[in-house]
J.: 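Please find one structure pasted underneath; my questions will follow.
Residue numbers run from 1 in the order of the sequence given. Note that ligands are numbered from 1 as they come in the structure, with each ligand's atoms numbered from 1 the same way.
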Amino acid sequence: MDVIGIASGKGGVGKTTTSVNLAVGLAMRGHKVMLFDADMGLSNAQLALGCTTAFNFGHVLSGEKTLAEIIVTTRQGIRLVPGASGVQKLASLSPLEASGIVQAFSSIEEDIDFLIVDSAAGISSSVLTFMQASQRRLIVLRDEPSSIADAYGTIKVLINECKLDEIYVVPNMVDSQAAGRLLYKRINDVCKKFLGQPVQYLHSITNDEHMLAAARNYQSVLEFAPGGNAARDFRKLAETVDSLNVTATPSGGLQFFFERMIAQKAV
Ligand SMILES: Nc1ncnc2c1ncn2[C@@H]1O[C@H](COP(=O)(O)OP(=O)(O)O)[C@@H](O)[C@H]1O
Ligand SMILES: [Mg+2]
């Protein structure tokens, strides 16, 4: 199983869009995908996947529900773990709560090929916790100064403080693949020069007006406009992610993710 954390620094650059469409794209390639919605923003993964859930991770933390009870299967076949504000508590769990969650996740250790974690904006300790617990990190950014600065700021913390690698850049809302590649090159040059470590490139997502209409229809753009530019790019992104080597997970499965996540604590 591959655990992929999605971050950006700045909000509104396309983390949730990327998480959802990557999840759908991998599911369309025949993989079993779980999406953990750890972004508490307004336009969350549930809306984008067109499903409403009665319960969320907060209910698991409060003991009202088991993890198995809150996970839903979306019509795209994705196993969705609905987030909510309770997720913020993950950084300050008592050991008893923590072991309870690890147990809960190990009990639903279903056959999952990819676990995708959509994180909130910023680089709070909980975002960093998710990024550390992931096997790879995708940094979504746009070609605008504040997004570039925030993406770089995030990468800097991931490299300097968290000592992480497997950091991949996904330029979003670009005019062309060439423009996206150029944006990647610019940020990679700065990373090599000032952080002494390169970041990797995956694929860029073109600015596509279908995205807005897809959101209004509570659909991923892969479903709503499969012939459009963004859908083409997300299919390629999923294909590229699919071709990455999956690193062996010692204890395997979801249990591994949560053990690591809980072991990390705040940075
Ligand atoms: N490639 C794109 N083309 C056009 N609009 C996009 C694209 N990617 C994202 N958007 C739009 O940008 C807004 C923010 O995206 P979202 O994924 O919610 O960002 P985040 O999760 O980083 O806050 C949404 O309205 C989304 O539909
Ligand atoms: Mg979001």
J.: Restricting to N/O/S atoms, is Thr16 within less than 2.8 Å of the Mg ion (ligand 2) or not?
T.: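 Here the distance criterion (N, O or S atom, under 2.8 Å) is met by Thr16, so yes.
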
J.: As an exercise, state the distance from CG of Asn21 to CG of Leu222, rounded to the nearest 0.5 Å.
T.: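 Rounded to the nearest 0.5 Å, the CG-CG separation comes to 4.5 Å.
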
J.: For ligand 1, which atoms have a heavy atom of Thr206 less than 4.0 angstrom away?
T.: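 Checking each atom against Thr206, I get 1 (N), 2 (C), 3 (N).
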
J.: Give the numbers and elements of all ligand 1 atoms closer than 4.0 Å to a heavy atom of Gly14.
T.: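 The list of qualifying atoms is 15 (O), 16 (P), 17 (O), 19 (O), 20 (P), 22 (O).
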
J.: If the plane angle is over 60° it's perpendicular, under 30° parallel, otherwise tilted; pick one for Phe114 and His31.
T.: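 If you compare the ring of Phe114 with that of His31, the planes turn out perpendicular.
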
J.: Which ligand 1 atoms does Lys15 reach within 4.0 Å, using its non-hydrogen atoms?
T.: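 Once the distances to Lys15 are compared, the set is 17 (O), 19 (O), 20 (P), 21 (O), 22 (O), 23 (O).
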
J.: For Thr18, is at least one N or O under 3.5 Å away from an N or O on ligand 1?
T.: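 No, no N or O pair falls under 3.5 Å.
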
J.: Does a donor on one side chain sit under 3.5 Å from an acceptor on the other, for Ser220 and Gln76?
T.: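 On atom types as modelled, these side chains do not qualify, holding no pair under 3.5 Å.
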
J.: Can you confirm, on distance only, whether ligand 1 has an N/O atom lying under 3.5 Å from any N/O atom belonging to Asn207?
T.: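 So ligand 1 has an N or O lying under 3.5 Å from an N or O of Asn207.
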
J.: Check whether any side-chain heavy atom of Tyr152 lies under 4.5 Å from a side-chain heavy atom of Leu195, and answer yes or no.
T.: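 Tyr152 vs Leu195: side chains touch.
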
J.: Based purely on interatomic distance, does Ala215 place a nitrogen or oxygen under 3.5 Å from a nitrogen or oxygen of ligand 1?
T.: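 It does not: no N or O of Ala215 is found under 3.5 Å from an N or O of ligand 1.
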
J.: With a 4.0 Å cut-off on heavy atoms, does Ala230 reach ligand 1?
T.: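 For ligand 1, residue contact (heavy atoms, under 4.0 Å) with Ala230 is absent.
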
J.: Would you mind telling me if ligand 1 is within reach of the side chain of Asn172, the backbone, both or neither, using heavy atoms under 4.0 Å?
T.: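 Within the 4.0 Å criterion, Asn172 contacts ligand 1 through side-chain atoms alone.
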
J.: Could you check whether the rings of Phe130 and Phe36 sit parallel, tilted or perpendicular, using 30° and 60° as the cut-offs?
T.: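 Aromatic pair Phe130/Phe36 classed perpendicular.
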
J.: Any idea which atoms of ligand 1 are less than 4.0 Å away from a heavy-atom of Ile205?
T.: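 By the 4.0 Å cutoff, the relevant atoms are 1 (N).
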
J.: What residues, two or more places apart in sequence or in another chain, satisfy side-chain contact (heavy atoms from CB on, under 4.5 Å) together with Glu239?
T.: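 For Glu239 the side-chain contact (heavy atoms from CB on, under 4.5 Å) partners, ignoring immediate neighbours, are Arg29, Lys236.
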
J.: Inspect the contact between Asp189 and Lys185 and indicate whether a charged nitrogen and a carboxylate oxygen are less than 4.0 angstrom apart.
T.: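 Judged by the 4.0 Å cut-off on N to carboxylate O distance, Lys185 and Asp189 do form a salt bridge.
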
